[in-house]
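Taking it in order: structure first as structure tokens, then the write-up.
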Amino acid sequence: MQHFSAAGPDIAYLDTGSGAPILLIHGFGSSVAVNWEATGWIRTLTEAGRRVIAMDVRGHGQSAKLYEVAAYKPALMADDAALLLDHLGIASADVMGYSMGGRIAATLAVRHPEKINALIIAGMGMGLVEGIGHDEEIAAALKAPTLEDAIGEVGRRYRKFAELTHSDLQALAACIIGQREPLKVADLAEIHAPTLVAVGTRDDVAGSAHRLAAIIPGAEVLDIPNRDHMLAVGDRTYKAGVLAFLSRQD
């Protein structure tokens, strides 16, 4: 992992492969290693002839840990992504985000449309607009002294995942509140980059992929069969669908 800092916190990133660039933005409580390396995504994309740039979002992985809710506004995290592309001298790239990363990628498309060649919003549907819920429960579970002290099924699930990924629990507690700022329908309707919305058919977190795609002009939907929010990430149908989508943009 390399690091850069430009008008913001230290951000760790991976830059590997050659060819047309694609920026990967991971989900909440995850990292480049967990979301993209362990699932085979980086290998899949580099073998397909792509230059892969994958960032550890602020508060995650090897990037700087921040403890104020305001530090995790989606606009700030989208700006981190734009600054990373600038740092690497990349005028525009394909961008794929999963879950929270999908929110960041969509926000990047709204704030910096010139940076986006093609957009893939994965693990996130109408939750972008309508919210997902359980924010306070998750934050409380992350702040609890131990997993056993966490209250609520959803909160315990997030706490367990955060412990498995060796995350900074206090940074994530701030992040879960700050990053879940809904996007406006009017802003999403102004996204004109080719867009793919990919969600598992058993995902009970993301919200409807089809309803979100109906808002974004010309957006396509990839249903990932029989996969929930966690298991869809490394699914072969998801990978094949993304590669096919990207090949149609060449």
Test item: [X] side-chain N/O and [Y] main-chain N/O as donor-acceptor pair under 3.5 Å:
X	Y	answer
Asp203	Val205	yes
Arg50	Gly19	no
Thr237	Asp235	no
His60	Gly29	yes
Asp56	Gln62	yes
Asp149	Ala144	no
Thr107	Pro74	no

Hydrophobic side-chain clustering at under 4.5 Å (ILVMFWY, transitive links): who's grouped with Leu24? Put none if nobody.
->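 Joined to Leu24, directly or through intermediates: Met1, Leu14, Ile22, Val32, Trp36, Trp41, Ile42, Leu45, Val52, Met96, Tyr98, Ile120, Leu196, Leu222, Ile224, Val233, Tyr238, Val242, Leu243, Phe245, Leu246.
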Looking at every heavy atom in both [X] and [Y], which two are closest together, and how far apart are they?
X	Y	result
Ala213	Ala219	O-CB, 3.5 Å
Ala171	Lys65	CB-CB, 4.2 Å
Ala93	Pro21	CB-O, 3.6 Å
Leu119	Ala109	CD2-CB, 3.9 Å
Gly123	Ala206	O-CB, 3.4 Å

Who pairs with [X] by side chain to side chain donor-acceptor pair (under 3.5 Å), at least two apart in sequence or on another chain?
X	answer
Ser63	none
Glu220	Arg248
Arg156	none
Thr165	Ser167

[X] side chain near [Y] side chain, heavy-atom distance below 4.5 Å:
X	Y	answer
Arg202	Leu231	no
Leu212	Leu188	yes
Val199	Ser208	no
Tyr72	Ile177	no
Val197	His210	no
Asp94	Leu23	no
Val129	Pro182	no
Cys175	Phe28	yes

Where at least one partner belongs to residues 96-113, residue pairs that pass salt bridge (charged side-chain N to carboxylate O under 4.0 Å, His left out), sequence neighbours excluded |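 For residues 96-113, and leaving out neighbouring residues, the salt bridge (charged side-chain N to carboxylate O under 4.0 Å, His left out) pairs sorted by first residue read Asp79-Arg111.
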Pairs where residues 133-146 contributes a residue and the test salt bridge (charged side-chain N to carboxylate O under 4.0 Å, His left out) is met, not counting sequence neighbours =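 Every salt bridge (charged side-chain N to carboxylate O under 4.0 Å, His left out) pair that includes a residue of residues 133-146, provided the two are not neighbours, is Asp135-Arg180.
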Under a single-linkage definition using a 4.5 Å side-chain heavy-atom cutoff for Ile, Leu, Val, Met, Phe, Trp and Tyr, are [X] and [Y] assigned to the same hydrophobic cluster?
X	Y	result
Met100	Leu183	yes
Val110	Ile25	yes
Leu76	Leu85	no
Ile90	Leu83	yes
Val221	Leu128	no

More than 12 heavy atoms from other groups under 6.0 Å of [atom1] on [X]:
X	atom1	answer
Leu164	CG	yes
Glu114	CD	yes
Glu148	CD	yes

Using ring-ring contact (aromatic ring centres under 6.0 Å, His included) as the criterion, list what pairs up with Phe4, not counting sequence neighbours.
->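 Result, ring-ring contact (aromatic ring centres under 6.0 Å, His included) vs Phe4: His87.
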Worked verdict on Tyr158 versus His134 for side-chain contact (heavy atoms from CB on, under 4.5 Å) = CA-CA 10 Å; Tyr158 275 76; His134 302 286; over 6 Å; no
Going through the checks in order, is the side-chain contact (heavy atoms from CB on, under 4.5 Å) test met by Thr201 and Arg227?
-> CA-CA 6 Å; Thr201 59; Arg227 295 298 192 186; 6.0 Å; no
Results of salt bridge (charged side-chain N to carboxylate O under 4.0 Å, His left out) for Lys73 - residues two or more places apart only =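 Per chain and number, Lys73 pairs via salt bridge (charged side-chain N to carboxylate O under 4.0 Å, His left out) with Glu181.
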Using salt bridge (charged side-chain N to carboxylate O under 4.0 Å, His left out) as the criterion, list what pairs up with Arg211, not counting sequence neighbours.
->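 Per chain and number, Arg211 pairs via salt bridge (charged side-chain N to carboxylate O under 4.0 Å, His left out) with Glu130.
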Look up atom [atom1] in [X] and atom [atom2] in [Y], then write down how far apart they are to the nearest 0.5 Å.
X	Y	atom1	atom2	answer
Thr39	Arg236	OG1	CZ	13.5 Å
Leu147	Arg159	CG	CZ	6.5 Å
Asp80	Tyr13	CG	OH	13.5 Å
Met55	Ile11	CE	CD1	5.0 Å
Thr16	Arg43	OG1	CZ	12.5 Å
Leu142	Leu172	CG	CG	6.0 Å

Which pairs with one or both residues in residues 169-179 pass side-chain hydrogen bond (donor to acceptor under 3.5 Å, both in side chains), sequence neighbours excluded?
->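 Checked against side-chain hydrogen bond (donor to acceptor under 3.5 Å, both in side chains) - neighbours excluded - no pair reaches residues 169-179.
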Can you pull the side-chain hydrogen bond (donor to acceptor under 3.5 Å, both in side chains) pairs that have at least one residue in residues 22-33, sequence neighbours excluded?
->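 Applying side-chain hydrogen bond (donor to acceptor under 3.5 Å, both in side chains) to every pair that reaches into residues 22-33, excluding sequence neighbours, yields nothing.
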Could you tell me whether Arg58 and Asp10 make a salt bridge, using a distance below 4.0 angstrom between a side-chain N and a carboxylate O?
->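 So Arg58 does not pair with Asp10 through a salt bridge.
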Check: Asn117/Ser92 side-chain N/O donor and acceptor closer than 3.5 Å |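 The answer is yes; a qualifying pair exists.
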